[in-house]
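Below: one structure, written as structure tokens.
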Amino acid sequence: QVQLVESGGGLVQAGGSLRLSCAVSGGTFSSDTMGWFRQGPGKERDFVASILWSDGSTYYADSVKGRFTISRDNAKNTVYLQMNSLKPEDTAVYYCAARPGWGTFLTQYEYLYWGQGTHVTVSS
């Protein structure tokens, strides 16, 4: 059973930075796609970024491109989301997700495993 545990959320002022972590356990991930999603108050869960375990290829939502960076540490089985130049509209619960197979998967329905989420609040 794959388990994902996020950490690193918190309160930050606009323009600041946070790094989220997603510790992955319970499976083999060499052919998997990992993703970060977020869900703001009263909004749907939206795609933020994804990465392939195998070669580190990444994909970003337009809204975060140039500000956020997704990465992975194979030795630690951990995926990161470095968030810079944060804006109040980045406020949301951020979720880590995983699915077998590699590709560009942009909707929550394409991911099989989910973490519990971590809160990010950006004050103006």
Side-chain angles (χ1 to χ4, degrees):
Q1 180 72 18
V2 175
Q3 291 187 319
L4 309 177
V5 179
E6 302 99 332
S7 61
L11 173 65
V12 64
Q13 288 188 331
S17 298
L18 281 175
R19 189 178 79 158
L20 306 183
S21 299
C22 174
V24 187
S25 62
T28 57
F29 317 108
S30 60
S31 62
D32 284 5
T33 300
M34 302 295 299
W36 284 99
F37 285 75
R38 66 186 181 186
Q39 188 166 15
K43 298 182 180 180
E44 294 189 353
R45 192 171 296 188
D46 292 329
F47 172 82
V48 174
S50 65
I51 189 167
L52 306 184
W53 272 110
S54 57
D55 65 2
S57 298
T58 58
Y59 193 82
Y60 296 93
D62 288 342
S63 59
V64 306
K65 203 172 293 183
R67 299 188 299 124
F68 290 11
T69 302
I70 188 171
S71 62
R72 90 269 193 247
D73 185 327
N74 289 352
K76 295 182 178 180
N77 280 349
T78 300
V79 177
Y80 303 99
L81 185 68
Q82 177 67 44
M83 305 186 295
N84 299 328
S85 303
L86 283 162
K87 305 174 182 179
E89 50 264 43
D90 295 318
T91 294
V93 178
Y94 283 72
Y95 296 91
C96 179
R99 60 152 292 149
W102 59 271
T104 305
F105 305 107
L106 305 182
T107 73
Q108 58 175 315
Y109 309 106
E110 297 175 282
Y111 288 79
L112 187 59
Y113 303 104
W114 291 88
Q116 81 287 353
T118 184
H119 290 258
V120 172
T121 302
V122 184
S123 63
S124 58

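- Considering only residues two or more places apart in sequence or on other chains, Tyr111 meets the ring-ring contact (aromatic ring centres under 6.0 Å, His included) condition with Phe37.
- Scanning all heavy atoms of the two residues, the minimum distance from Thr33 to Ser50 falls at CG2-CB, 4.2 Å.
- Every side-chain hydrogen bond (donor to acceptor under 3.5 Å, both in side chains) that Gln39 has, sequence neighbours left out, goes to Arg45.
- For Asp73, the salt bridge (charged side-chain N to carboxylate O under 4.0 Å, His left out) criterion is met by no residue, not counting sequence neighbours.
- Side-chain atoms of Glu6 come within 3.5 Å of backbone atoms of Gly117 as a donor-acceptor pair (strictly under, hydrogens ignored).
- Evaluation of the side chain to side chain contact (heavy atoms under 4.5 Å, CB included) rule for Leu106 yields Phe47, Tyr59, Thr104 as partners, not counting sequence neighbours.
- Proximity of Asp32 to Val2: side-chain heavy atoms (C-beta onward) are nowhere separated by under 4.5 Å.
- Residue Leu112 is grouped with residue Val24 when hydrophobic side chains (ILVMFWY) are merged at heavy-atom distances under 4.5 angstrom, including chains of intermediate members.
- Sorted by first and then second residue, the salt bridge (charged side-chain N to carboxylate O under 4.0 Å, His left out) pairs involving residues 33-42 (not counting sequence neighbours) are Arg38-Asp90.
- With sequence neighbours left out, the side-chain hydrogen bond (donor to acceptor under 3.5 Å, both in side chains) criterion links Ser85 to no other residue.
- Partners of Glu110 by side-chain hydrogen bond (donor to acceptor under 3.5 Å, both in side chains), not counting sequence neighbours, listed by chain and number: Thr107.
- If you chain together hydrophobic residues whose side chains sit under 4.5 Å apart, Phe105 and Trp114 fall into the same group.
- In this structure, the side chain to side chain contact (heavy atoms under 4.5 Å, CB included) partners of Val93, at least two apart in sequence or on a different chain, are Tyr95, His119.
- Under a hydrophobic-cluster definition in which Ile, Leu, Val, Met, Phe, Trp and Tyr are linked whenever side-chain heavy atoms come within less than 4.5 Å, directly or via other members, Tyr113 and Trp36 are assigned to the same cluster.
- Taking Gln82 as the reference, Ser17, Arg19, Thr69, Asn84 meet the side chain to side chain contact (heavy atoms under 4.5 Å, CB included) condition, with sequence neighbours excluded.
- Annotation: disulfide bond (SG atoms under 2.5 Å apart) contacts involving residues 88-124, sequence neighbours excluded, comprise Cys22-Cys96.
- Thr91 places a side-chain N or O within 3.5 Å of a backbone atom of Val122 that can act as its donor or acceptor partner.
- Partners of Ser57 according to the side chain to side chain contact (heavy atoms under 4.5 Å, CB included) rule, which considers only residues two or more places apart in sequence or in another chain, are Leu52, Asp55.
- The NZ atom of Lys87 sits 14.0 Å away from the OG atom of Ser124 when rounded to the nearest 0.5 Å.
- By the side-chain hydrogen bond (donor to acceptor under 3.5 Å, both in side chains) test, Lys65 pairs with Asp62, sequence neighbours left out.
- Under the 3.5 Å distance criterion, the side-chain polar atoms of Thr118 are left unmatched by any main-chain donor or acceptor of Ser7.
- Tracing side-chain contacts under 4.5 Å through hydrophobic residues (I, L, V, M, F, W, Y), one reaches Phe68 starting from Val12; they form part of the same cluster.
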